There are 2 protein chains.
Amino acid sequence: MKKYVHIFNDMKNKIIDGTYVSNQKLPSEKQLSEHYQVSKMTMKQALDNLVDDGLIIKKRGSGTFVKDLSADELVRMSLTNQFRGKTAEYPQEKVTSKILAFSVINPSPLIQQKLNISAEDFVYFLHRVRKINDQPFVIEETHMPVSLIRDLKRSHVEQSIYEYIETELQYKIQSVHRKITVRQSTAAEVSELDMTEGDPVGIVEQVGYLSNGAAFEYSISTHRYDRFKSEMILKRESV
Amino acid sequence: MKKYVHIFNDMKNKIIDGTYVSNQKLPSEKQLSEHYQVSKMTMKQALDNLVDDGLIIKKRGSGTFVKDLSADELVRMSLTNQFRGKTAEYPQEKVTSKILAFSVINPSPLIQQKLNISAEDFVYFLHRVRKINDQPFVIEETHMPVSLIRDLKRSHVEQSIYEYIETELQYKIQSVHRKITVRQSTAAEVSELDMTEGDPVGIVEQVGYLSNGAAFEYSISTHRYDRFKSEMILKRESV
DNA sequence: AAGTGGTCTAGACCACATT
DNA sequence: ATGTGGTCTAGACCACTTC
């Protein structure tokens with residue numbers, strides 16, 4: 001186990017279980033590095049990761065302090081994970097998909113631009129409605145280059161595509177560039193998502209990147225408003 | 001100027017202006033550190049910041065590569081800034097506020113919890129409609145501890161509160177924990193935001209933290225859907 | 001003046017990918 | 001076997017805050 005990860009986990013636990021409380025001043029980097037028997041740089045890396053996770057703040061010249069987090073923020077922190085595919089977010093629920101379209105096509109100019117490919121390349125076009133315990137909650141339109149995501153089959157898209165990519169293809173997903181907007185639902189969406197006319201929807205447009213740097217996914221998903229939520233931590237300029 | 005910031009800016013510019021192109025393999029950390037005349041650790045810090053900004057990706061054992069960004073992503077990157085108050089986002093537009101309420105009260109249990117204060121503390125309660133060029137686009141309900149944000153006056157809340165906090169009070173805003181949801185507008189919102197009945201709204205609920213670690217703001221803002229957009233980069237586990 | 005976190009170094013060793 | 005990025009060190013010096 002990497003030392004800075006071990007220290008990170010240890011200190012995160014101490015914040016969550018109350019060993020360190022809100023606004024408490026922590027021992028100095030020097031003291032902590034002696035306590036954990038690591039160099040100052042390693043200690044700093046552990047602490048910087050805690051800052052990134054929103055658990056502590058550092059004040060140059062003054063010290064390191066536990067953030068003034070409310071109780072429910074702490075609970076959220078203790079189970080926080082960055083993005084996951086829908087299947088992973090609801091592990092004990094039954095997530096299924098209704099496939100509206102699944103084909104291989106040439107990309108439109110928009111898709112070419114988003115995925116940085118040419119008109120001669122092929123992409124999967126996937127249109128599906130995802131359901132939790134048979135309740136529809138999101139309509140997805142996804143485009144993925146065939147050259148990257150080989151041998152995608154109907155059985156995969158009925159389950160989790162992210163799972164297929166990460167487990168079977170052994171690719172790593174590195175990051176997602178995401179945009180969220182809001183609008184009224186269309187009649188087709190009302191019908192597919194089993195909503196009432198006039199209900200709003202949350203729109204997530206995103207480009208996904210693999211750890212090899214390639215854009216592997218451009219998708220637009222339309223969420224039932226009552227199942228939609230997006231949480232994030234924004235920081236003021238780290239650089 | 002810090003060396004790693006200088007290198008970060010230099011390389012970012014080279015990606016934006018096309019000196020380095022999509023998917024190109026960059027020189028190794030060793031070569032780059034020789035070129036910039038810095039140690040490997042400093043070079044690594046510059047590169048890690050570029051990774052955080054979503055411009056490059058690193059592959060252990062293989063090299064560092066420019067991300068496969070589309071043209072419009074690159075444009076976005078070249079002017080990207082993390083969060084700003086609304087006034088800062090629209091510098092050439094006229095941003096004004098209609099104050100619906102501005103008072104000092106004792107916090108409700110919810111506010112106590114979010115701001116980590118007690119029932120005896122006082123908070124400002126601010127309810128305002130913000131407008132761009134006289135067009136309303138968001139209703140904000142904000143609570144801020146009086147003990148932190150001293151001497152807040154009506155003239156400040158008519159302008160930008162973030163500006164007051166950062167310029168006059170000389171506080172630094174460190175981070176914001178934000179949640180986005182969607183719902184239908186109420187009749188009151190339709191009226192205040194000059195919308196049509198049945199229009200949806202985007203809801204942003206957030207807690208803001210100063211660089212001294214204190215929670216200084218709990219706010220719920222209700223956005224006209226056609227003026228609302230939220231962009232972000234999500235990364236898979238840095239730690 | 002003393003203590004804090006921030007930057008930077010020169011080098012060691014490790015884990016992983018490619019050849 | 002070679003080259004890549006990742007971790008870690010021991011220590012120097014700097015910038016800032018507090019006393």
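Quick caveat, the model's predicted, so the values are computed rather than measured. Numbered from 1 within each chain, the chains take letters A, B, ... in sequence-line order.
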message = Using OP1 and OP2 only, check whether a side-chain N or O of A/Ser39 sits under 4.0 Å from D/dG11.
response = no
task = Specify the closest pair of heavy atoms between A/Asp68 and B/Leu115, including all atoms of both residues, with the distance to one decimal.
result = OD2-O, 3.7 Å
inquiry  = Rounded to whole Å, how long is the line connecting atom NZ of A/Lys25 with atom C1' of C/dT4?
reply    = 7 Å
message = For the backbone of B/Asp121 and the side chain of B/Asn106, can you confirm whether one donor and one acceptor N or O come within less than 3.5 Å of each other?
response = yes
query = Under 4.0 Å between a side-chain N or O of B/Ser62 and OP1 or OP2 of D/dG5?
reply = no
ask   = A/Lys58 side chain N/O closer than 4.0 Å to the phosphate oxygens (OP1, OP2) of C/dG6?
value = yes
B/Glu29, nearest nucleotide to its side chain (from D/dG5, C/dT9, D/dT4) = D/dG5
inquiry  = Less than 3.5 Å apart, any donor N or O on the side chain of B/Glu217 or B/Tyr162 sitting next to an acceptor on the other?
reply    = yes
ask   = Given atom CD1 of B/Ile57 and atom C1' of C/dC16, what is their separation to the nearest angstrom?
value = 14 Å
key: Length of the line joining A/Phe65:CZ and C/dT4:P, which is rounded to integer Å   = 11 Å
task = Provide, to the nearest angstrom, the distance between the CG atom belonging to A/Asp48 and the P atom belonging to C/dC8.
result = 14 Å
message = Does C/dT7 have its OP1 or OP2 closer than 4.0 Å to a side-chain nitrogen or oxygen of B/Lys2?
response = yes
task = Give the rounded distance in Å between these two atoms: CG of B/Leu47 and P of D/dT7.
result = 14 Å
task = Without swapping roles, check the side chain of A/Tyr209 against the backbone of B/Ile57 for a donor-acceptor pair under 3.5 Å.
result = no
query = Which nucleotide, D/dT17, D/dT7, C/dC8, lies nearest any side-chain atom of A/Gln45?
reply = D/dT7
ask   = Between B/Gln31 and B/Met41, which is nearer to the 5' end of DNA chain D once each is assigned its nearest nucleotide?
value = B/Gln31
ask   = What is the nucleic acid contact for A/Lys44, judged by heavy atoms within less than 4.0 Å: base, sugar-phosphate only, or nothing?
value = base
query = Between C/dG5, D/dT9, C/dC8, which one does the side chain of A/Ser28 approach most closely?
reply = C/dG5
query = Roughly how many Å is it from CD1 in B/Ile7 to P in C/dT7, rounded to a whole number?
reply = 13 Å
request  = Report yes if at least one side-chain N or O of B/Thr64 is closer than 4.0 Å to OP1 or OP2 of D/dG5; otherwise report no.
outcome  = yes
query = Taking atom C1' of D/dG6 as reference, at what distance in whole Å does atom NZ of B/Lys30 sit?
reply = 17 Å
inquiry  = Considering every strand and a 4.0 Å limit on heavy-atom distances, what is the contact class for A/Lys40: base, sugar-phosphate, or nothing?
reply    = base
key: Minimum heavy-atom distance B/Lys114-B/Val207, with the two atoms named   = O-CG1, 4.0 Å
query = Just by distance, do the side chain of B/Glu141 and the backbone of B/Ile220 share a donor-acceptor pair under 3.5 Å?
reply = no
task = Examine C/dC8: is either OP1 or OP2 under 4.0 Å from a nitrogen or oxygen in the side chain of B/Tyr4? Give yes or no.
result = no
query = What nucleotide, of D/dG6, C/dT9, D/dA15, holds the atom closest to the side chain of A/Arg60?
reply = D/dA15
request  = Starting from C1' on C/dG3, measure out to CG on A/Leu32 and report it in whole angstrom.
outcome  = 14 Å
